[in-house]
Amino acid sequence: MASEVALEGVFAVNKPIGWSSAAIVREVQATLSPSKLFETTMRLQKDRIFQGSAPSKRKLQNRANNIKIGHGGTLDPLATGVLILGIGSATKELNQFLECTKTYETTVLFGASTDTYDRVGRLINKRPYDHITREMVEKELESFKGKQIQIPPLYSALKMNGKPLYEYAREGKPIPREIEGRTVEVQEIKLVEWYEPGTHKHRWPTEEAEAAERNLAEQVWRVKKQQETNKKLTPEEKEQDDEAIAAHESFKRKFEERQDALIQDGPTKRSRQPRDSHMMSGALGQLPQTNKPSPRGQNLVSEQDEDQPVPWSDKGPPAVKISLTVTSGFYVRSFCHDLGTKLGSAGLMSELCRSRQSDFTVGGVNCLELDDLKAGEDNWGPKLTNILAQWNGEPGPGATKAQTRQKGSDHHTSDRRHGKGSDKRRHSPSRNSSSPPRKLPAAAPENAPKPVMPSSEARARSDDEKSWNGIDD
């Protein structure tokens with residue numbers, strides 16, 4: 001048994017719309033755990049878990065029955081695209097993907113803004129859109145290139161004073177006046193497709209936010225603009241802000257009074273809120289309901305239907321698909337909102353696809369489709385074997401020359417996978433283990449790009465976001 005080696009590594013799945021990232025992890029676990037391919041991995045995992053522990057403990061049994069999987073950067077239910085997964089000890093290497101370059105394709109719909117900056121939120125306001133042209137959009141895109149300070153939306157998972165920003169909104173509390181901006185960079189940006197009014201399926205949401213919530217959103221955006229321009233609020237603006245917060249507090253108080261009136265003498269059973277409802281999208285309300293039954297973490301958001309009634313009386317607003325290659329920490333929904341504002345209108349994110357993260361790409365040899373997993377082990381087994389072999393520096397049994405070349409492409413080198421800072425104990429010469437060490441790829445050439453390790457600030461931020469990005473799932 002000393003020659004047995006666990007099959008581990010990193011690969012990607014093309015996440016479909018409507019699925020939470022945690023639901024994808026559970027789906028992959030349910031597929032891989034009972035498979036023949038991971039039989040040895042599961043046996044070694046159980047031996048490690050139960051070593052020195054009572055096997056009757058339920059928590060240990062649950063851990064032992066599911067292969068260890070985590071993901072390197074969450075995607076909203078609204079978003080599709082690359083979701084990077086790690087198996088076994090490779091989950092320790094997922095943090096590096098939080099700091100890498102990503103490419104997104106997003107569709108911006110003009111003329112309206114929502115509390116969450118996307119189409120699954122609630123409508124805040126509507127603005128004129130007849131004046132927007134393709135030429136105006138292309139010109140404005142140039143202003144987003146390069147480094148910039150971006151302030152994240154209120155309905156995000158970032159923490160302030162130990163609390164996620166979206167919790168301030170959910171609890172009806174005013175946000176702290178200073179929202180820390182982040183230095184991000186747009187390396188590439190281009191217009192992919194222009195949609196004339198009346199020629200596309202994109203729609204605004206039909207549900208409108210309450211008046212107090214609209215006032216609070218306007219206050220948040222005013223603070224955001226003031227921080228971006230380093231201007232102090234005028235006495236009139238401060239008075240408006242105070243009125244908006246007071247109105248929101250009044251709205252929250254009345255809501256609580258209505259709730260109190262429903263309390264009966266006897267204790268009632270508290271219903272547990274589904275974990276997957278705490279999504280970045282639609283943070284103040286429930287995600288849009290679909291006509292299909294919704295298993296845990298699935299069918300949370302529907303694709304847009306061209307037959308859906310339009311919420312406007314004219315031809316409607318234009319829309320545009322844009323491709324962005326950005327650094328870590330960039331909020332695409334903030335970009336969509338800001339683009340609409342710069343064009344003298346409003347904008348919301350209607351669609352989002354993460355087409356590339358590090359050297360994992362949608363449609364690439366290292367990214368599985370969810371349908372591959374549903375098609376059975378004979379379908380996904382050989383594909384996943386090749387991907388994991390390449391991750392570990394070995395060409396898979398059926399790998400082509402092109403696939404082998406891709407293994408070392410881009411900035412995600414084998415040095416970064418197995419070298420400095422990844423897991424020093426794994427390759428220590430004094431390591432005493434019953435199983436042989438993993439075979440390492442050949443040393444990188446001297447002119448190979450240096451591994452980029454996260455700064456102390458980045459590590460602290462990733463710790464703050466850990467519960468959100470799914471690494472602990």
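Quantities reported herein were computed from a predicted structural model and do not represent experimental measurements. The first residue in the sequence is number 1, and the count goes up from there.
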Under the 3.5 angstrom rule, does the side chain of Arg333 hit a backbone N or O of Asp118 as a donor-acceptor pair? no

Determine yes or no for a side-chain-to-main-chain donor-acceptor pair under 3.5 angstrom, with Thr41 supplying the side chain and Leu7 the backbone. yes

Side chains of Trp204 and Arg119, heavy atoms from C-beta outward: is any pair under 4.5 Å? no

Please identify each residue that fulfils side-chain contact (heavy atoms from CB on, under 4.5 Å) with Gln308, with sequence neighbours left out. Arg203, Asp305

Under 30°, 30 to 60°, or over 60°: which ring-plane class applies to Trp194 and Phe110, parallel, tilted or perpendicular? tilted

Minimum side-chain heavy-atom gap Arg122-Glu208 below 4.5 Å: no

Output yes when a side-chain donor or acceptor of Ser328 lies under 3.5 Å from a complementary backbone atom of Cys100, and no otherwise. no

Heavy-atom side-chain proximity of Leu32 to Ile69 below 4.5 angstrom: yes

Identify whether NZ of Lys or CZ of Arg in Lys342 sits under 6.0 Å from the centre of the six-membered ring of Phe144 and within 45° of that ring's axis. yes

Would you confirm whether His200, through its side chain, and Val320, through its main-chain N or O, come within 3.5 Å as a donor-acceptor pair? no

Ser355 side chain near Thr361 side chain, heavy-atom distance below 4.5 Å: no

So do Glu27 and Leu370 actually touch side chain to side chain, heavy atoms under 4.5 Å? yes

Does the side chain of Leu191 come within less than 4.5 Å of Val137's, by heavy atoms? yes

Can you check side chain to side chain contact (heavy atoms under 4.5 Å, CB included) on Val82 and Arg356, steps first, answer last? CA-CA 6 Å; Val82 173; Arg356 178 179 178 270; 5.7 Å; no

Assess, by modelled atom type and distance only, whether the side chains of Arg48 and Gln45 contain a donor and an acceptor separated by less than 3.5 Å. no

Under the 3.5 angstrom rule, does the side chain of Thr341 hit a backbone N or O of His337 as a donor-acceptor pair? yes

Look only at the side chain of Ser33 and the backbone of Ala30, and say whether a donor-acceptor pair between them is shorter than 3.5 Å. no

Sub-4.5 Å side-chain heavy-atom contact between Trp391 and Phe11: no

So do the side chains of Thr183 and Ile149 get within less than 4.5 Å of each other, counting heavy atoms only? yes

What is the ring orientation for Phe97 with Phe360, classed by angle as parallel under 30°, tilted 30 to 60°, or perpendicular over 60°? perpendicular

Looking only at side chains, do Glu8 and Ser89 share a donor and an acceptor under 3.5 Å apart? yes

Which value, rounded to the nearest 0.5 Å, describes the distance between Ser20 atom OG and Leu78 atom CG? 13.5 Å

Salt bridge (charged side-chain N to carboxylate O under 4.0 Å, His left out) against Lys102, all qualifying residues, sequence neighbours excluded: none

Does the pair Tyr117 and Leu348 meet the rule for a side chain to side chain contact (heavy atoms under 4.5 Å, CB included), with working shown? CA-CA 5 Å; Tyr117 293 6; Leu348 58 86; over 6 Å; no

What verdict does the side-chain hydrogen bond (donor to acceptor under 3.5 Å, both in side chains) test give for Gln357 and Arg354, after you've listed the backbone C-alpha separation in whole Å, the side-chain angles of each residue and the deciding distance to 0.1 Å? CA-CA 7 Å; Gln357 183 175 1; Arg354 184 159 67 195; 3.3 Å; yes

Would you say CD of Gln187 has more than 12 non-hydrogen atoms from neighbouring residues, nucleotides or ligands within 6.0 angstrom? yes

Between Thr325 and Thr103, do the side chains contain a donor N or O and an acceptor N or O under 3.5 Å apart? yes

Do Glu369 and Asn14 have side-chain N/O donor and acceptor atoms under 3.5 Å apart? yes

Closer than 3.5 angstrom, by distance alone: can the side chain of Glu207 be matched with the main-chain N or O of Leu123 as a donor-acceptor pair? no

Could you pull out all residues at least two apart from Glu105 that satisfy side-chain contact (heavy atoms from CB on, under 4.5 Å)? Val192, Lys321, Ser323

We want to know whether Gln304 and Ser350 form a side-chain donor-acceptor pair, criterion being a heavy-atom distance below 3.5 angstrom. yes

